[in-house]
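Below is one structure, written out as structure tokens; comments come after it.
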Amino acid sequence: MPLSGVVHARTLLVRGLLAGLLAGLVTFAVAHQVGEPPLEAAIALETTSAEDPSDVAGAAQHSHDHDHEDTASHSHADEGAVVSRTVQRTVGLALATTLVGVGLGGLLGLAAALAVGRLGRLTAAQSTAVVALVGFTSLALVPFWRYPANPPAVGSAETIGSRTAASFGFAGLSLVVAVLCVALAVRLAPRLGGYAATLAGVGGYLLVVVTVGSLLPPAADVGTYPAAVLWEFRTASLVVLATLWGVLGTALTGAIGRVAAQSQRDLARRRLAASL
């Protein structure tokens, strides 16, 4: 039966918010340790190349060899900034990851409330894991494949609006197609079996997103931007995304599994008491 018949959606929403809070805090720690160094190197490269455009390669090497000096050099630029880099990489980063985690956790909790009991024979925990996996794939992984994160100074300012709109539009389309393909797999499962139905759903999803992705405007042109800096920045960005979704999905799956199991035990006791 749908989980709404056993557990109130509000309970799952609260669990999602708490799981999101945990995910946001863990993501902050990872982003600060893994994501900030490549960002600092990219900022140092942008600053140096702006002063001497002909020395991009040398700026990239300097950014790797002198991370601490780069951080100190930003203090002069921070003086004229509205929000300093020190605040951005500490309080600002923590606030951003926490808010994103809590918001995403709430939405994922509500999505799990709709999905549990409607995905064939999957348990509450298994259904929640599927929801989290579909969310990560459709909203993070596939959009990142088409429009990967770029460090400062990559891409033209004239096309940033169109590229941003295309990126968000592609993410929205990816999510809609993923939901439809999951529904298709559920409908095909009784006739084809779970394995074949899953392959059909995954195949349909990949066919649509790859086709649409090939028709969208191209990603930003990296030009002569140092490959090492770009690789480290994008790798760190993907690690941060995977951390957010991984912690959120794991925590929420465990929480909903425990809630559903306790609710089933309570329901069984009530039915037993009523039969006496």
Side-chain angles (χ1 to χ4, degrees), residues 1-28 30 97-144 171-172 174-190 193-195 197-202 204-206 209 238-268:
M1 79 174 63
L3 191 59
S4 58
V6 181
V7 180
H8 293 295
R10 182 177 61 183
T11 302
L12 302 188
L13 173 61
V14 172
R15 296 299 190 281
L17 295 174
L18 293 175
L21 176 61
L22 174 63
L25 295 175
V26 175
T27 302
F28 163 67
V30 173
T97 56
T98 301
L99 290 178
V100 170
V102 170
L104 192 60
L107 293 175
L108 204 62
L110 294 177
L114 294 174
V116 173
R118 295 184 173 91
L119 297 182
R121 300 178 181 178
L122 296 184
T123 65
Q126 292 169 341
S127 297
T128 304
V130 169
V131 170
L133 180 60
V134 169
F136 170 68
T137 302
S138 62
L139 289 177
L141 188 59
V142 170
F144 192 93
S174 175
L175 177 61
V176 172
V177 173
V179 172
L180 293 177
C181 288
V182 169
L184 174 64
V186 171
R187 291 182 64 89
L188 292 177
Y195 181 74
T198 300
L199 289 181
V202 172
Y205 171 76
L206 292 177
V209 295
L238 188 57
V239 168
V240 171
L241 276 176
T243 299
L244 175 63
W245 282 94
V247 175
L248 177 56
T250 301
L252 187 57
T253 296
I256 289 183
R258 289 192 297 271
V259 168
Q262 182 61 46
S263 298
Q264 292 289 357
R265 288 193 294 268
D266 293 342
L267 181 60

*Measure across Gly257 and Ala125 and return the closest heavy-atom pair with its distance rounded to 0.1 Å.*
CA-CB, 4.0 Å

*Please name the pair of heavy atoms, one in Ala171 and one in Leu139, separated by the smallest distance, quoted to 0.1 Å.*
O-CD2, 3.8 Å

*Do the side chains of Val182 and Leu119 get nearer than 4.5 Å, heavy atoms only?*
yes

_Tell me whether Arg118 contacts the main-chain N or O of Leu114 through its side chain, where contact means a donor paired with an acceptor under 3.5 Å._
yes

*List the steps, then state whether side chain to side chain contact (heavy atoms under 4.5 Å, CB included) holds for Tyr205 with Thr137.*
CA-CA 11 Å; Tyr205 171 76; Thr137 302; 4.3 Å; yes

*Are side-chain heavy atoms of Phe28 and Thr98 found at a separation under 4.5 Å?*
no

_Non-hydrogen side-chain atoms of Arg15 and Leu252 separated by less than 4.5 Å_ = yes

*Considering all heavy atoms of both residues, which atom of Ser138 and which atom of Ala178 are nearest to each other, and what is their separation?*
CB-CB, 3.8 Å

*Look at the side chain of Gln126 and the backbone N and O of Thr123, then say whether any donor-acceptor pair between them is shorter than 3.5 Å.*
yes

*Pick out which of Leu12, Leu104, Val102, Leu108 makes a side-chain contact (heavy atoms from CB on, under 4.5 Å) with Leu17.*
Val102

*asked:* Is any side-chain heavy atom of Thr97 closer than 4.5 Å to one of Leu244?
replied: no

*Take Val116 and Val131 through the side chain to side chain contact (heavy atoms under 4.5 Å, CB included) test and state the conclusion after the steps.*
CA-CA 9 Å; Val116 173; Val131 170; over 6 Å; no

*In sequence, state the C-alpha distance, the side-chain angles, and the governing distance for Val240 and Thr27, and then conclude on side chain to side chain contact (heavy atoms under 4.5 Å, CB included).*
CA-CA 6 Å; Val240 171; Thr27 302; 3.6 Å; yes

*Distance-minimising heavy-atom pair for Ala112 and Ile256*: CB-CD1, 3.6 Å

_Looking at every heavy atom in both Ala260 and Ala124, which two are closest together, and how far apart are they?_
CB-CB, 3.4 Å

_Looking at every heavy atom in both Gly16 and Leu248, which two are closest together, and how far apart are they?_
O-CD1, 4.3 Å

*How many angstroms lie between atom CZ of Arg258 and atom OG1 of Thr253, to the nearest 0.5 angstrom?*
10.5 Å

